[in-house]
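Working notes, beginning with the structure itself.
Model, not experiment: these values are computed from the prediction.
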Amino acid sequence: MNYKTVQTPAKKAIALVAHDNLKSSLIDWCKKHETSLAQHRICATGTSGQLIEKHCKLNIEKLISGPLGGDQQIGAKISEGEIDMLVFFWDPFEPMPHDPDVKALLRIAAVWNIPVACNFASADMMMASSLLDQSFSKRVPDYERYIQDRSQ
């Protein structure tokens, strides 16, 4: 794979997802970081987004519920360069019927080199990062070159 460098904007697009057992943890985390989160664009899967808006003063772009394809919607947004960070509180103790979707979402986040937090501590560290409110460079797959090479 060939790579190129792109700029992540100072105003981030942050995707929020939580499994059922961790939705209250995500809401608590959003309350803790409400002021900072309000400075960025936020999207979330359906139920998580509804609950966050209900309990926090944040504008949320709500996608469909995770098991119905919301995880894949976020994955598509990541691959299109529309998501800069992912906070995904997944429950390691509860098997999910859509586990393949979860694995696919984490894989696409790794492919496109976006920061991912899967628990409260790593999410707190991302929010405390000096890069949160700054533009920074990152390496991503060079899709145009990939297509060009494969179509010859």
Side-chain angles (χ1 to χ4, degrees), residues 1 3-67 69-96 98-143:
M1 177 60 66
Y3 293 88
K4 65 181 181 180
T5 301
V6 298
Q7 286 297 117
T8 299
K11 182 175 182 172
K12 308 291 186 286
I14 303 171
L16 305 175
V17 184
H19 283 160
D20 288 346
N21 294 347
L22 295 172
K23 289 194 188 311
S24 62
S25 293
L26 181 60
I27 291 165
D28 291 344
W29 181 82
C30 287
K31 286 178 183 177
K32 179 179 178 180
H33 297 287
E34 191 167 351
T35 303
S36 293
L37 287 169
Q39 305 306 309
H40 300 278
R41 291 184 306 112
I42 309 296
C43 75
T45 50
T47 309
S48 296
Q50 293 285 353
L51 291 168
I52 293 165
E53 273 193 341
K54 180 179 178 181
H55 296 281
C56 302
K57 294 179 180 92
L58 294 170
N59 293 320
I60 308 289
E61 175 191 352
K62 291 175 288 302
L63 306 173
I64 63 175
S65 188
D71 297 339
Q72 291 166 331
Q73 280 184 298
I74 289 177
K77 286 178 168 287
I78 290 169
S79 65
E80 293 169 353
E82 295 178 21
I83 300 291
D84 303 307
M85 291 172 46
L86 172 62
V87 175
F88 185 4
F89 288 178
W90 61 274
D91 187 348
F93 297 111
E94 189 69 31
M96 296 289 153
H98 63 290
D99 272 346
D101 300 338
V102 171
K103 185 175 181 181
L105 178 57
L106 294 173
R107 179 190 171 280
I108 209 73
V111 166
W112 290 97
N113 198 22
I114 68 161
V116 177
C118 292
N119 56 47
F120 218 103
S122 57
D124 282 349
M125 288 183 74
M126 282 194 337
M127 293 304 288
S129 171
S130 62
L131 298 176
L132 179 64
D133 298 316
Q134 297 180 38
S135 178
F136 67 92
S137 299
K138 70 176 183 176
R139 194 180 116 177
V140 298
D142 185 344
Y143 181 69

Give me the atom names and distance for the closest heavy-atom approach of [X] to [Y].
X: G46; Y: K62; answer: O-CD, 4.5 Å
X: A123; Y: V87; answer: CB-CG1, 4.1 Å
X: A18; Y: L26; answer: CB-CD2, 3.7 Å
X: G70; Y: L63; answer: O-CD1, 4.4 Å
X: G66; Y: T45; answer: N-CB, 3.9 Å
X: E34; Y: C56; answer: OE2-C, 3.5 Å

Which value, rounded to the nearest 0.5 Å, describes the distance between [X] atom [atom1] and [Y] atom [atom2]?
X: I27; Y: F89; atom1: CD1; atom2: CZ; result: 11.0 Å
X: K12; Y: L132; atom1: NZ; atom2: CG; result: 6.0 Å
X: H19; Y: F93; atom1: NE2; atom2: CZ; result: 14.0 Å
X: I42; Y: I52; atom1: CD1; atom2: CD1; result: 8.0 Å
X: Q50; Y: K23; atom1: CD; atom2: NZ; result: 11.0 Å
X: K57; Y: C30; atom1: NZ; atom2: SG; result: 14.0 Å

Side chains of [X] and [Y]: do they bring a donor and an acceptor to under 3.5 Å?
X: N119; Y: W90; answer: no
X: H55; Y: D28; answer: no
X: H40; Y: D84; answer: no

Checklist entry - Do I64 and Q73 pass the side chain to side chain contact (heavy atoms under 4.5 Å, CB included) test, and can you show the C-alpha distance, the side-chain angles, and the key distance before you say yes or no? => result CA-CA 8 Å; I64 63 175; Q73 280 184 298; 3.1 Å; yes

Item to check | Basic-acidic side-chain contact under 4.0 Å: K77, E61 | outcome: yes

Item to check | Electrostatic pair D124:K32 at N-O distance under 4.0 angstrom | outcome: yes

Item to check | Side-chain donor/acceptor of Q39 to backbone N/O of K11, under 3.5 Å | outcome: no

Do [X] and [Y] come within less than 4.5 Å of each other through their side chains, counting heavy atoms only?
X: C118; Y: L86; result: no
X: W29; Y: M127; result: yes
X: I74; Y: F88; result: no
X: V6; Y: S137; result: no
X: T5; Y: K138; result: no
X: V140; Y: K4; result: yes
X: C43; Y: L16; result: no
X: I108; Y: S79; result: yes

Next on the checklist: Check this for me: K31, atom NZ, are more than 12 non-hydrogen atoms of other residues, nucleotides or ligands nearer than 6.0 Å?
Outcome noted: yes

Checklist entry - Is atom OH of Y143 surrounded by more than 12 heavy atoms (other residues, nucleotides or ligands) closer than 6.0 Å? => result no

Checklist entry - Hey, which of I78, I14, T8 is the one that makes side chain to side chain contact (heavy atoms under 4.5 Å, CB included) with I114? => result I78

